[in-house]
Amino acid sequence: MSVSKNIYFASDLHLGTPNYKQSLQREKEFIKWLNQIKDDCEELFLVGDIFDFWFDYAQVVPKGYTRLFGKLAEFTDSGIKVHYFKGNHDMWLSGYFKHELGFEIHSDNYTFEKNGIKFLVGHGDGKGPKDYKYKILKKVFRNPACHFLFKWLHPDIGMAIANYFSKKSRYGNGETEEKFLGAEKEWLIQYIKRKETQNHFDYYIFGHRHLALEYKINENTTYINLGDWLRFKSYAVFDGQKTTLCYFNT
C-alpha cells in the first residue's frame with residue numbers, strides 16, 4: 001500500500017428506494033463521504049446493493065444517480081481502483097460500469113492480500129446452508145436468457161416493473177431494522193467458520209445482512225458486516241494494519 005493510503009468498503013445504499021426524495025438525500029450524503037475519503041483512498045470496494053435495482057441496457061442508462069456516477073468517475077480517472085460487487089438487488093450488470101466508469105466487477109467473493117493481511121470480500125447473499133428457494137431464484141435471474149428477455153422490454157416498462165416490486169420490498173416499506181440472531185443462527189458466521197477450515201483469512205467483509213457489526217470468529221479472524229446507508233451510514237476502512245467499522249456523520 002502507498003504511505004498514508006487507505007482501503008474503504010461500503011455497501012447497501014439501495015438507491016432508488018423508498019422514494020425519490022429520500023434516495024436523493026442518501027445519494028448526496030454518500031457523495032459527501034466520497035469527497036471526505038478521496039484524498040487518502042487507494043481502493044474503494046462497493047460491496048453490492050448500491051442500487052435497489054439496476055439493469056444495463058445496450059443504449060440507455062437508467063434515469064438518476066448522475067451525481068454519484070460523476071464522483072465515482074473522478075475516483076477512477078484519478079487512479080483509485082473501484083471494485084463493484086453484484087448484489088441481489090443490482091445483479092444485472094453487463095458492461096456499463098466497467099467500460100464507462102472503469103470499475104472492476106465481481107460476481108462472487110473476491111480475495112486479496114495487503115501487507116500480509118488476507119481479506120475475503122463479498123456481498124454475502126446465498127451463503128446459507130439451505131435457502132434453496134433463493135439460490136434457485138438467483139440462478140434464474142443471473143441466467144443470460146433471463147437477462148436477454150428482460151432487455152427487450154421497453155426501458156420505461158422494465159423500470160416501471162422494477163420500481164413496482166421495489167416499493168413492495170421491505171426497504172420500500174421502511175422495514176429496515178435487522179437484529180443479530182446469535183452466532184449459531186447467523187448464517188454468514190457459520191459460512192465463515194466453514195471457510196476457515198479450508199483457508200484462513202484475517203478479515204471477512206460482507207454486506208447484505210444490514211447489520212453494522214464487528215465479530216471475532218477467533219483470535220486471528222474478524223467478520224465485519226458493513227451495515228447500510230439506510231440507517232447507519234456505516235463503512236469500513238483498512239489503514240494498512242487493521243480494519244475498523246466506522247460511521248459517517250454529516
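All values derive from a computational prediction rather than experimental measurement.
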query: Is the CD atom of Glu219 crowded by more than 12 outside heavy atoms at less than 6.0 Å?
result: no
task: Would you mind checking if Lys127 and Asp108 are paired as a salt bridge, meaning a charged N to carboxylate O distance below 4.0 Å?
output: yes
message: Using every non-hydrogen atom in the two residues, find where Leu230 and Arg26 come nearest and quote the distance to one decimal.
response: CD2-CZ, 3.5 Å
Side chain proximity check, Ile189 to Phe180, heavy atoms < 4.5 angstrom: yes
- prompt: After noting the C-alpha distance and the side-chain angles of Leu46 and Val82, does the key distance pass the side chain to side chain contact (heavy atoms under 4.5 Å, CB included) rule?
  reply: CA-CA 7 Å; Leu46 301 175; Val82 176; 4.0 Å; yes
- request: Check whether any side-chain N or O of Ser78 sits under 3.5 Å from a backbone N or O of Glu74 as a donor-acceptor pair, and report yes or no.
  value: yes
Taking every non-hydrogen atom, the tightest pair across Ile117 and Gly240: CD1-O, 4.2 Å
task: Report the C-alpha distance between Trp187 and Phe206 in whole Å, list the side-chain angles of each, state the deciding distance to 0.1 Å, and finish with yes or no for ring pair (Phe, Tyr, Trp, His ring centres under 6.0 Å).
output: CA-CA 12 Å; Trp187 38 265; Phe206 293 112; 8.7 Å; no
- request: Go through the structure and list residues passing ring-ring contact (aromatic ring centres under 6.0 Å, His included) with Phe75, not counting sequence neighbours.
  value: none
query: Heavy-atom count around Gln241 CD within 6.0 Å, excluding the residue itself: above 12?
result: no
message: Checking Asp239 against Asn6: is there a side-chain donor and acceptor pair closer than 3.5 Å?
response: no
- request: Using the six-membered ring wherever Trp is involved, compare the ring planes of Tyr84 and Phe103 and label them parallel, tilted or perpendicular (cut-offs 30° and 60°).
  value: parallel
message: Checking Phe201 now: which residues fulfil ring-ring contact (aromatic ring centres under 6.0 Å, His included) with it, not counting sequence neighbours?
response: Tyr204
Short side-chain to backbone donor-acceptor contact, Ser11 and Gly48, under 3.5 Å: no
- line: Value for CG (Asn199) from CG (Leu120), rounded to nearest 0.5 Å, stands at 9.0 Å
- request: Give a yes or no answer on whether the side chain of Gln190 reaches the backbone of Ala183 with a donor-acceptor pair at less than 3.5 Å.
  value: yes
- request: Would you mind telling me which of Asp12, Asn225, Asp228, Asn88 makes a side chain to side chain donor-acceptor pair (under 3.5 Å) with His208?
  value: Asn88
field: Side-chain heavy atoms of His14 within contact of His210, under 4.5 Å
entry: yes
- request: Measure the CH2-OG distance between Trp229 and Ser234 for me, rounded to the nearest 0.5 Å.
  value: 8.0 Å
query: Which other residues end up in the same hydrophobic cluster as Tyr20, if Ile, Leu, Val, Met, Phe, Trp and Tyr are linked when side-chain heavy atoms come under 4.5 Å apart?
result: Leu24
message: Within the structure provided, determine whether Tyr203 and Lys242 are in side-chain contact (heavy-atom separation under 4.5 Å).
response: yes
- request: Look at Glu42 together with Lys81 and state whether they make a salt bridge at an N to O cut-off of under 4.0 Å.
  value: no
Student check: side-chain heavy atoms of Leu34 and Leu44 closer than 4.5 Å: yes
message: On a heavy-atom basis, which atom in Gly122 and which in Val47 lie closest, and how many Å separate them?
response: O-CG1, 3.2 Å
- prompt: Is there a side-chain contact between Phe112 and Ile7, using heavy atoms and a 4.5 Å cut-off?
  reply: yes
task: Could you check whether the rings of Phe9 and Phe119 sit parallel, tilted or perpendicular, using 30° and 60° as the cut-offs?
output: parallel
field: From CG (Leu101) to CG (Leu72), nearest 0.5 Å
entry: 7.0 Å
statement: Rounding to 0.5 Å, atoms CG (Asp40) and CD (Gln36) come to a distance of 8.5 Å
- request: Please round to the nearest 0.5 Å and tell me the distance separating atom OG1 of Thr221 and atom CD1 of Ile192.
  value: 8.5 Å
message: Are the side chains of Glu196 and Asn218 in contact, using a 4.5 Å heavy-atom criterion?
response: yes
- request: Would you mind checking if Lys5 and Glu43 are paired as a salt bridge, meaning a charged N to carboxylate O distance below 4.0 Å?
  value: no
message: Whether the side chain of Thr243 engages the backbone of Phe238 through a donor-acceptor N/O pair (distance < 3.5 Å, no angle test) should be reported.
response: no
- request: Check whether any side-chain heavy atom of Ile50 sits under 4.5 Å from a side-chain heavy atom of Leu68, and report yes or no.
  value: yes
query: Can you say whether the rings of His83 and His106 are parallel (under 30°), tilted (30 to 60°) or perpendicular (over 60°)?
result: parallel
- prompt: So, for Ser23 and Gly16, which heavy atoms are closest and what is the spacing to 0.1 Å?
  reply: OG-N, 2.7 Å
- prompt: Can you find a heavy atom in the side chain of His200 that is under 4.5 Å from one in the side chain of Lys195?
  reply: no
- request: For residues Tyr247 and Ala212, report the shortest heavy-atom separation together with the two atoms involved.
  value: OH-CB, 3.4 Å
message: Would you say Ile105 ends up clustered with Leu13 if hydrophobic residues are merged whenever their side chains have heavy atoms under 4.5 Å apart, either directly or through other cluster members?
response: yes
statement: Ile224 and Glu214 have their tightest heavy-atom pair at CG1-CG, 3.9 Å
- prompt: Looking at CG of Asn249 and NZ of Lys32, how far apart are the two atoms once the value is rounded to the nearest 0.5 Å?
  reply: 12.0 Å
message: For Lys185, I'd like to know if atom NZ has over 12 heavy atoms of other residues, nucleotides or ligands within 6.0 Å.
response: no
- request: Inspect the contact between Lys98 and Glu104 and indicate whether a charged nitrogen and a carboxylate oxygen are less than 4.0 angstrom apart.
  value: no
message: Quick one: does any side-chain atom of Arg67 pair with a main-chain N or O of Lys28 as donor and acceptor, under 3.5 Å?
response: no
query: Going through the checks in order, is the ring pair (Phe, Tyr, Trp, His ring centres under 6.0 Å) test met by Tyr65 and Phe51?
result: CA-CA 9 Å; Tyr65 320 119; Phe51 304 94; 4.8 Å; yes
- request: Verify salt bridge (Lys or Arg N to Asp or Glu O under 4.0 Å) between Glu29 and Lys233, making sure each step is shown before the conclusion.
  value: CA-CA 9 Å; Glu29 290 173 345; Lys233 289 182 281 189; 3.8 Å; yes
